[in-house]
Every structure is written in structure tokens, then in C-alpha cells.
A.B. asks: 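The structure follows.
Throughout, a chain's letter reflects where its sequence line sits, starting with A, and its residues are numbered from 1. Everything quoted here is computed from the prediction, not taken from an experiment. All heavy atoms count here, side chains included; hydrogens, waters and symmetry mates do not.
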There are 4 protein chains.
Amino acid sequence: MKRIKVGIINVTGYTGMELARLLYRHPRVKLASVTGRSAIGNKLGQIFPHLGDIDLIIQSEFEDVDLVFSAMPHKASAEEVVKALERGIKVMDLSADFRLKESAEYQLWYQVSHPAPELLGEAVYGLTELNRPQIASARLVANPGCYLIGAILALAPAVEQRIIAPDIVIDSKSGVSGAGRTLSLDTHFSEANENVSAYALDGHRHLPEMVQELQKLIPEPLSITFLPHLVPMTRGILTSCYAKLLRGETGREEVKQLYQEFYRGEPFVKIVDFAPGTKQTWGNNLCLIYPTIDLRTGRLIVISCLDNLVKGGAGQAIQNMNLMLGFPETAGLEMPAVYP
Amino acid sequence: MKRIKVGIINVTGYTGMELARLLYRHPRVKLASVTGRSAIGNKLGQIFPHLGDIDLIIQSEFEDVDLVFSAMPHKASAEEVVKALERGIKVMDLSADFRLKESAEYQLWYQVSHPAPELLGEAVYGLTELNRPQIASARLVANPGCYLIGAILALAPAVEQRIIAPDIVIDSKSGVSGAGRTLSLDTHFSEANENVSAYALDGHRHLPEMVQELQKLIPEPLSITFLPHLVPMTRGILTSCYAKLLRGETGREEVKQLYQEFYRGEPFVKIVDFAPGTKQTWGNNLCLIYPTIDLRTGRLIVISCLDNLVKGGAGQAIQNMNLMLGFPETAGLEMPAVYP
Amino acid sequence: MKRIKVGIINVTGYTGMELARLLYRHPRVKLASVTGRSAIGNKLGQIFPHLGDIDLIIQSEFEDVDLVFSAMPHKASAEEVVKALERGIKVMDLSADFRLKESAEYQLWYQVSHPAPELLGEAVYGLTELNRPQIASARLVANPGCYLIGAILALAPAVEQRIIAPDIVIDSKSGVSGAGRTLSLDTHFSEANENVSAYALDGHRHLPEMVQELQKLIPEPLSITFLPHLVPMTRGILTSCYAKLLRGETGREEVKQLYQEFYRGEPFVKIVDFAPGTKQTWGNNLCLIYPTIDLRTGRLIVISCLDNLVKGGAGQAIQNMNLMLGFPETAGLEMPAVYP
Amino acid sequence: MKRIKVGIINVTGYTGMELARLLYRHPRVKLASVTGRSAIGNKLGQIFPHLGDIDLIIQSEFEDVDLVFSAMPHKASAEEVVKALERGIKVMDLSADFRLKESAEYQLWYQVSHPAPELLGEAVYGLTELNRPQIASARLVANPGCYLIGAILALAPAVEQRIIAPDIVIDSKSGVSGAGRTLSLDTHFSEANENVSAYALDGHRHLPEMVQELQKLIPEPLSITFLPHLVPMTRGILTSCYAKLLRGETGREEVKQLYQEFYRGEPFVKIVDFAPGTKQTWGNNLCLIYPTIDLRTGRLIVISCLDNLVKGGAGQAIQNMNLMLGFPETAGLEMPAVYP
């Protein structure tokens, strides 16, 4: 079977690296071209020893491929996306550039005017479980933010089935790799180790995406507070969601069945019987979800966890790519988590 | 100045060890006697090398002292407390035995009948900032649970001043030492490392204390959901509290002033200008509090952090002891955090 | 292509779990039977959520398979090995029972008499890179200890080529999972975290294996000091080896070429151009080796690293199994490391 | 008792911060002035919240004090030292500038010509246990490198008493704070976490100090290989030293007594009965030493551990300051380690 050629724009960040790791073992595609903003001219394995078996030179421009992943930062990514589409290449954009539907909203949160607002209508939001058909036929998919996926998958069944009041608290705990490979004091080992802190208390950039996607499910306006926290581990996001049940008589078993029904057949969402730990998804593409009820207060609690670089990033993007290229959705993503 | 003699019952757990560390350097007391359930007959420094300078043998019964700390587990602690009081010794109990005022509530949560219900009326709940006068004159003080202190200090000003609706979510993240020195798979390094998980989803034993103490501040019934999480670090608890503001016009500055006013003069509570990290309290007795508002939803967010073994345990107990023995409240507790 | 059936005896430890993880994705075998000393009757995924896709019940006895892995502790393992061989089943033993050739040596280090000394002559020491032909035709292979592999692969070229004096220091740093899933205070998170210590200063049980296997390469008696250290991470062993060069004029480039020559064609040993980190092998089957010279003292320094649960355990065992069953040596083991 | 005024040049690195933490609680000195290369004009507590109780503004030049600590990087430090001495202020230099006696050696390792070679003769090497009298009367003391202290304290008794051959291997494992507060990819959390690696294989800058100081003890030339490793923790250095015993009959007890005798009366060096862990010295000024013998090979093994920021840095400097100012050597340094 001939493999389809794909490329990665900006392979030198953690998302790009993870795409390379996963695509290298993908049975249906061939990673044919990688670009970087640094390290141009080096073999991939010289910069990233764990990718030493991939025989590719980091280039400044990507070669002809059938689909390209952009792991560029926002704004710069849109410019690459436009160029790729003009060359007739499908694009999976992992930046924030095509996630928000309103360019004004984009400008508000990212403090730049949108470089390609004409594409906002066409771009499909790449949360596979909610937008499968649109993704399958898309030319441009915007891969969601890492916090998004755990939060929306945890809440979508309850919101769509209207079992909770529209007042929601989302408290997320993320490993440090979510902050990327760029150096900062917050991600300096001696500062981040043995430390937990909340951040982005004025509003995290993933919040407007959350509101946009959840709001699609019901007409009533949602009031969502989202607070991310940094915890001293490399990979993983655990999200705890809280909302009042509308009907007091809803029981735990009923909620569980509702969630199981909602995600029936989904290969990468599992409703589990226990409160999950992020480590159970280390390196794989699963999102584990545990819905329960605080019986004393009638509050729904939903815990989700995933690996921020896989289901929260590169794995989710490959799942979308599989749809766009007509492969089985699980191709290249079947590995169990590495535990412990 | 003559030092007052104090003792520690069950020095061999983390709370007992931490009491020994702090009392050893206390300028007004002399650690005169320590007991253990194991390691009896050994020098303290043989079992705990970091306490090698303390020249004490671990005994089965404590000698005559003026005040004794009990770091026994619940139920066993009450029995020691009774004996100490009968000997005319003041007691600082770090177990859960005298925290709840209702013995039925105790039985519900701890699954044993209370060993000394006749003392429940007399025991003072040892949250210094709220119960200072009662602690100063008490014979028996019940030191609060580690989660309690961060949660109640974060919420008390808002609850008492009635600026929030009585519907509260408390999401806590704790280091692993909070689970103590007893072995378990959850606290096995290879399982706990690189892992975050929620636990006690059916209700944590610190919840009834939280409700009891916060409910003292207002007559309206509070609806509190409390969810603890385990994060891969040794010390520290970060607590994030969420509740709707009652009046939309309350501003961030107003909230901050309310908190500063509430804690004016408190030596160990600091209202800070930034979202704090647990590491900023490593090894010291401070509780850092950052109140803010999610302006989009009108929700109060309060972040608190502390070292679970100091302000959340042994340090809080010594702060109470200082009051009970008439010392300056800060005696022996002035050390800056060890950072990084 | 029909898959060959294999089984795992004692799947409930970390080595057993890792075997299951890797065998599940192996293209040529089918994991058909797993046994445990605990959790019998449970589905594998109930006990180990990350293995939830493997549809197997933990049994007390293993079913008919073509080859079985024993991940039992020493002594108990030998008994299982005997039974399996009697049933005509090939065995890959991951315990220490068939590593040492002398039963007296075994008794000295393990304090029990050998349960099956009659098999010691037949058992092949499973260090693939040194004993490939014997492994390929063996009925019983003794998989090496985790420290062994990094140490011997680092030293074999220098010892066999006689470029160093026979006086060798081996200083190893291991992640905590090497101590297994059994609880102990040393592996309690709060004790192991933020801590480095040496252990087994009276002699580690992997030492006699090291001496036995290295001594095969030259007649001169070797004098080897081996000291293992515990470091606060889950996976990985880094080994630093030190020995005086015999001829002062040997240069770094010459040493590097000697190592490259020795391991030419080896799929899982890489001579690298930089001092490697354990994280570069997280979850995969590589051993990275960096030989260099301390030019001031004429001392050879060789650094090796690997994942103790993969190349240092389950991966090495599967590499051997591939040989025993006539598969390509790399089957099921081609995954890149998960980084960061 | 009047407190003596001291200052810190460049308080904004980890060594400077740690000096501030320890000096703030020192009973005999008053921290009167701190300077920084950044953050000038800010209150110390704004930049370092854990030092919030210290009421000092970070200045560009230090005020008049009796003694000043320089925590500047090498070369820049020498320039500050010269200025301070000219103002008649005693100096404790924590940089490398005055550690090596030969300016040519300095130039070789630091790649700059020495800014003040005329002071090299006068400067005293600040390893208290070996140079106590000279330090007490010095105007300028060069505080040793963090690796030095653990290595030399571990080896000095054996070298001086000539019980080992002059061929020594020193294998050190350091927490990440040893690399300072300056950002780098090696100390980026996601890179350093769950990783162990060796570095400086071409020679670490602390090596010439080690040779210089140990060589003072005997005339025979020493051949020392020193290899540092980075381990995923914040604080602590564990050093493992290896050398052949000259006389085979030397026993473990004899070695222990030799070490105990050598360090008799030393307040901050403890010969311990077990292999120590770095965590046992977290935050305090102890160096724990465990000498033993590999009986199979007749090799002396000495393990030492300390907190790199305390006994390996700021604590050692304050111990020296105490001598220089005529205080009890332990003043301000008596705190037990924070454990766990």
C-alpha cells in the first residue's frame, strides 16, 4: 500500500516533536518533510536524539506533501496555512489561528489582527468526537487547545442533555510540557519542581474556545469559569468540572449511562469506573472520563484526564488526519500508555 | 528564662517528626519526651537522621510535661488525650477526634463510636485566626485537618461578609506527604510520580469540619463541594475556591481590601498580589491568600497555599500552643520558606 | 500469518505489566495467558487500567502456549520454569534463578539453595548482543538483571579488546521502578522524592552476574566495584564506568571507533556523540553508549543509559524471544522513546 | 548586643537568595544592603515572595557594611571584591575568582585573564574544616564550589592518612539548583525531569580546585577523575568516591574511626552509620559522610551528601563569616533539615 506523504511545519517544539514520533510509526503515511525555525540543515536526530531513526533534514520550507501539520505559534501559523492551501495541500493547524470563529474575538485574546480572516468560515474545529463528518471533508482543520479537549469531552454529554445548570467551574491541572519548549522562569526546573500554582487568572486563551464549542450544544448562555494550574510533572492534564444538577433525582448510575451512551463507539474516549490518574494515559491517545455526583450538594463532578501532547495535541491531530485522508480513525494511535 | 516542658505522642509519623523539628528550635519550650508506636527504645536520631541532634529516646509512655501533642491516629488519640488530661497536662490533639462537635457526625465519618464524647463540648477547634481567645484559655485544642486551614482561611472573609452565594466549590491539590508515612500503592513513588488524580469522591473526612466551621459564620445553610487531588510533590496544598458574588458590582480591589481588613495583624496569613505557589511556603508557617474575581462570570476565586506539614499541621499546632502557654504567637515559627 | 501464543507468569509486577504492554502490540505473537499471585479472576484492565484493551483474565495457572515469560521472584520462578519445560514450553525467565552458573554462588547471594541446579548448565544468559547464537537455539533463557545490561554493554568492547586495566568502577543511577511494585519505605514517594542515595554497599546481587559475564571475555581476573544509586525518577538507568587505559596513547576517536565496530549492526545499541540522558530511552529498547577519555588521567569513561523496564527488562526479554522463535530481532520493539 | 552589618552583592541568584534567607535569621548580623544586576529598585519580597519579611530594596551599589558576600558570576565578582576591599570591607567571595592560586590555571579554565591576580596570594580558600585558622584572620575568603565541599570532606582523611592509592574516581550527583537561576534547555523542567545525565565530560571547572586542595595534603601526585551528573531534584549533592586501599588489611571499623577522629568536634560534618540520602540535609548545613570498603576488591568507598545551596554554598559562606567576625561557628546555622 502506497503511503501518503505528510509534513510538519516547525518540528522543533514539543508538539512538532510528538507529531514526528507518532507519524514515524504510522502505517499509512510517510513523514516526508519537516521544517524548523531553528536548527535548519541539521538531521532531526541530531537535535532530538530520541528521533534518531528518522532520516530527515530540518528544512526552512516544506516539500510537496499531501497534508501538512503546522505547529507554528499563532499568527505565524496562519501565514503558513495560507501558503499550503494555495499549493493545494490539506492543512492540520495546531495553532490557535483557526479555532475561534470571530476574528474580533481572536484579536481580543491574541492582541493581533487575524492574518487570514477569510478562512475562518471554512476551517473546521478539530474535536473529532463532536465534529467528525465536517473534519472528514475539510481542507483546513483547527486542532483544539490541550485544555479544551479534556474539558469539552467531560462536559459535552451533560450540557447537551441539559442535566446541569449553565453555571460551570472547570479546574484543570497540567504538566509543564504544556508550556512548550520555550524557556521561562515558570518552567525552570528549580521553580516548577515541588510547586503547584494557578495561572492565567485574568482569563486563559483556551476559554473562548471552550465557550464557543460548548455553546453550540445548547441555546441557553453558559457561564463558565476556567482556571488552569501548573503541577510538577511533564505530561498530563487532569480536569475537574463542577456544575449543579438540574434535577435532584438524577443518580450516579444514570449519569454514567448517559456518558457511556454519548461516547458509544468512540475509540479514544473511555468512561471509567474509578477516578483516573493522568499517568494512565501517558503517551497514548485516550481521554478517560469519570462522571459522578456529590450527593450532599446535588453537584455533578466530572473528572477527565489525557496526555496533553497526545490526545491533547499531536495524537488528536493525527486522529483528525486519519479522517481527512480516509484511514481508519485509530491508525497509528493504538499504543497502550507507558505505565508506570 | 526557664523553658516549659512539652512532649509528643507518636513522634514516628510525619506530623510527629515535624513537631519535633520545630519544637527543637523553639525558644520557650523544651522537647522533653517523645513516644512511638514503633521504634521504642531507639534514639530519635537513629530512626530520623535529620533529627540527630535531638537527644531523646523514643518511649512507650510520655513523661511529665506541661503540654503534650498527640499525633496518634484518630480513636487511639482520644484515649491518650483522656489520660493526659487526667494527669493535668494540657493537650494539643492533631488527630480528628475532637474536631467535630457532634459524636454522631464523628461516628458517621470515622465508622467508630467516639471514645470520649464528654470532652467534645470542651475541646476548642484550633484554627487560631478564628478562635484565638478560646484557644488561649483551653485545656484541650483540636488542631484542624490540613485541607481545612487553607480552605477556611480562603473563604472565611467572603462568607462572613456575605459577598458570595452559599454555593461553594473547593478544589484542593495536595503533596503526597499529606497521606502520611504509612505505605500504600497510591503513595508508592512509581505510582504517584508524574501523576495527578482526584480522590475521596464520595466525601473526604475533612468536609464535615469545613462545613461546621464555615457554618458558624452565617446562618444560611452552605452547600459546599470539596474535592482533594494528589499531585507529585512532597509538601504543599494549593486550594482554589469558587463561588458566585452576590453583588455584581463588587470589584477586585474591594475584595482585596476586605480580605486585608479581615486578616489585619495576623502574623501567618498574607494577602498577596499574585497567584501564589506552594513552594513559597515550603517549610514555614505562612498561609498565602490571593482573592480575585472572574470578571466574565462574576465569580469570586480565592487561591490559598500553605505547607501541609507546617501551617497545615505541626506549625499550626505550635501556634496554638504558643497561645495556650502565653508565649508570643510567632515564637519558634519565624523561619522564611526554603526556596527553591 | 498465524500468531504464536505466549504467556506471562506473574503479570502483576512492573516487569510483568511491561511485558504485557509490549507483547500486546507485537505483530507475531498473541498474548494468550497471564497469571498472577494476586488479583486472580480479575480482568487485566481492572487492575491495570492502561492495559484495558487486553481482554484477558488473570489466572492462577497459565494455559498452553509456545513460550512463557516468568516474572516471578527468584526461587518461586525456578519452580515455574521446571513445570513449563516439562510441558514442552520454552521459557524466558526474568528472575535471577538461571543467571549464575554456579549453584554455590547462587546460594551465597540469594540465601536459598537452588531449586533446579540441573538446569543451570543448559540455561543461556540472555544478553543478546553477546550470546545471540546460543539464545536462538535455547529452550531456557535467563534474562539479565537491569543493571547488568547497561554495565556490560558499556564495558564489553573495552574489556574484550584489552584496552583497560582490569580494575573497574561501575557507578549506576536507577529510577525507582527498578525496585518493583512491592511497597517499602525507601520507595514511599515522600522518602524517595528529592532524594539521592547509594544502596547495597555490601554488594548488590547483580554484581556476580557482571563478573561472570565480563570475565568470559578475558582470562585475567577482573576487580569490579559496582555501586547502585536510587534517583528520584520512575524509569531509567544511567551507568558511569571508569577504568585506566592500558596504553596512554589511545585517543577518544580510536575508542569510539572500537565501540562502533564492536556493535556494528546491533539494532538496539547506539554509540552516540554526546553524553546521553536516560529520558532519551524512555519507553523504548535502546541502550545508548558514550565512550570517552579523561585526558588528564588517561582514564576511560563510558556512560550508558537505558529504560530499566524495557532494554533493562521486558524489552530485552522480547528481543530474546524474537530470536528463540525465529522472528526478526526488532519485531514489536521499534517504537521511538516518548520524549519529553 | 549590637548586630554587625553585612551585605549581599547580587542577591537575585539562588546563592544570593539563600544567603538572604539564612542571614535574615542570624542572631549576630543584620542584613543591611543587597544589590542586584536586575530588579533594582524593587523590594526584595516583590521579587522573592518567600523573603517578604525582609524589608530591603535591591540597589545597584551596596552601602557601608562590615562584611560583604559577593554572589556575582566569576570575573564580575573580582571587580566587586577589589572595590569592597578598597572601602575597607571584608569580603566573602562565592564566585570562582579567588579559589585557584595560579592565575594561569584560572585563565585556562575560565577563558579570561584574571582581573585581580595581586589578590590571589592573600585570598584564603574557604573550606572551614581544613583552613580554619587562616579563615579566621582573613580579609578575603574564596568560598569553595558546591561539588568541592562534599568531595574534599569525603576524601581528606583518607588522602592525608595515606590509606589509599593516589588514583581516585569522584562521581557526583547534583540537584538542578546547582545550575543556578539562569535559564537553559538543560534546566527546563520538561527536559530535566525524569532524566539523569552526566555532563562536563571534558572537565568540570571544580576539578582544578579539588586537585589543588587535596594535593596540599600529600606530596605524591594525585590522579583524580571527577564526573558530575544532573539528577531530577532541586537541592542536594551526593558524591561517591572510589580509591584502592593501600594496605589490604585495613578494615571498615578502622576506616570509620579514622574518619571520626579526623572530624572530631566539627559541628557540621557527621560520620554516619548508614548510606545517607541528600534529603537528610535539605535546608541545613550538614555534610554527612559514610566511609566503607568494598571487601571483594579492597576499594575504599566514601559517600558524602549535603545541600548544595547551604553547606555547598550560602551556609558554608556564613560558617566562614562567623569565623571572620569572631562569632560562634554555628551561629545562624543550627536548623535541622526539613524532612521529608
A.B. asks: So for D:T297, is it side chain, backbone, both, or neither that comes closer than 4.5 Å to the heavy atoms of chain C?
C.D. replies: both

A.B. asks: Drop me the distance from C:N193's CG to D:M233's CE, to the nearest 0.5 angstrom.
C.D. replies: 10.0 Å

A.B. asks: We want to know whether D:S223 and C:K244 form a side-chain donor-acceptor pair, criterion being a heavy-atom distance below 3.5 angstrom.
C.D. replies: yes

A.B. asks: Shortest non-hydrogen contact from D:S190 to C:P340?
C.D. replies: O-CB, 3.3 Å

A.B. asks: Is D:I168 in contact with chain C via its backbone, its side chain, both, or neither, using a 4.5 Å heavy-atom distance?
C.D. replies: backbone

A.B. asks: Determine whether the side chains of C:Y339 and D:E194 contain a donor N or O and an acceptor N or O closer than 3.5 Å.
C.D. replies: no

A.B. asks: Are any non-hydrogen side-chain atoms of D:R299 and C:V169 less than 4.5 angstrom apart?
C.D. replies: yes

A.B. asks: What closest approach, in Å, do C:S197 and D:P276 show between heavy atoms, and which atom pair accounts for it?
C.D. replies: CB-O, 3.6 Å

A.B. asks: So which residue, C:L227, C:D294, C:L238, C:V196, ends up with the most heavy-atom pairs under 4.5 Å with chain D?
C.D. replies: C:V196

A.B. asks: Given a strict heavy-atom distance threshold of 4.5 Å, which part of D:Y242 is in contact with chain C: side chain, backbone, both, or neither?
C.D. replies: side chain

A.B. asks: Let me know if C:L201 has heavy atoms under 4.5 Å from chain D in its side chain, its backbone, both or neither.
C.D. replies: both

A.B. asks: Does any backbone or side-chain atom of C:Y290 lie under 4.5 Å from a heavy atom of chain D? Answer side chain, backbone, both or neither.
C.D. replies: side chain

A.B. asks: Non-hydrogen atoms of chain C under 4.5 Å away: do they reach the side chain of D:L207, the backbone, both or neither?
C.D. replies: side chain

A.B. asks: Assess whether a salt bridge exists between D:R252 and C:D202, defined as any Lys/Arg side-chain N lying under 4.0 Å from an Asp/Glu carboxylate O.
C.D. replies: yes

A.B. asks: Hey, which of C:H229, C:Q280, C:R235 has the most heavy atom pairs under 4.5 Å with chain D?
C.D. replies: C:H229

A.B. asks: Answer with side chain, backbone, both or neither: which region of C:V231 has an atom nearer than 4.5 Å to a non-hydrogen atom of chain D?
C.D. replies: side chain

A.B. asks: Against chain D, work out which of C:T292, C:L295, C:I224 has the most heavy-atom pairs shorter than 4.5 Å and name it.
C.D. replies: C:I224

A.B. asks: Would one find more than 12 heavy atoms of other residues, nucleotides or ligands at under 6.0 Å from atom CD of D:E220?
C.D. replies: yes

A.B. asks: Between the side chains of D:K173 and C:D171, is the shortest nitrogen-to-carboxylate-oxygen separation below 4.0 Å, so that they form an ion pair?
C.D. replies: yes

A.B. asks: Measuring heavy-atom distances to chain D, does C:I237 have an atom under 4.5 Å in its side chain, in its backbone, in both, or in neither?
C.D. replies: neither

A.B. asks: With a 4.5 angstrom heavy-atom cut-off, which part of C:P232 approaches chain D: side chain, backbone, both or neither?
C.D. replies: both

A.B. asks: Please flag which part of C:T234 lies under 4.5 Å from any non-hydrogen atom of chain D: side chain, backbone, both or neither.
C.D. replies: both

A.B. asks: Hey, what do you get for CD1 (C:I293) to OG1 (D:T225), rounding to the nearest 0.5 Å?
C.D. replies: 11.5 Å

A.B. asks: Who among D:G203, D:A275, D:G236, D:S240 has the most heavy-atom pairs with chain C under 4.5 Å?
C.D. replies: D:S240

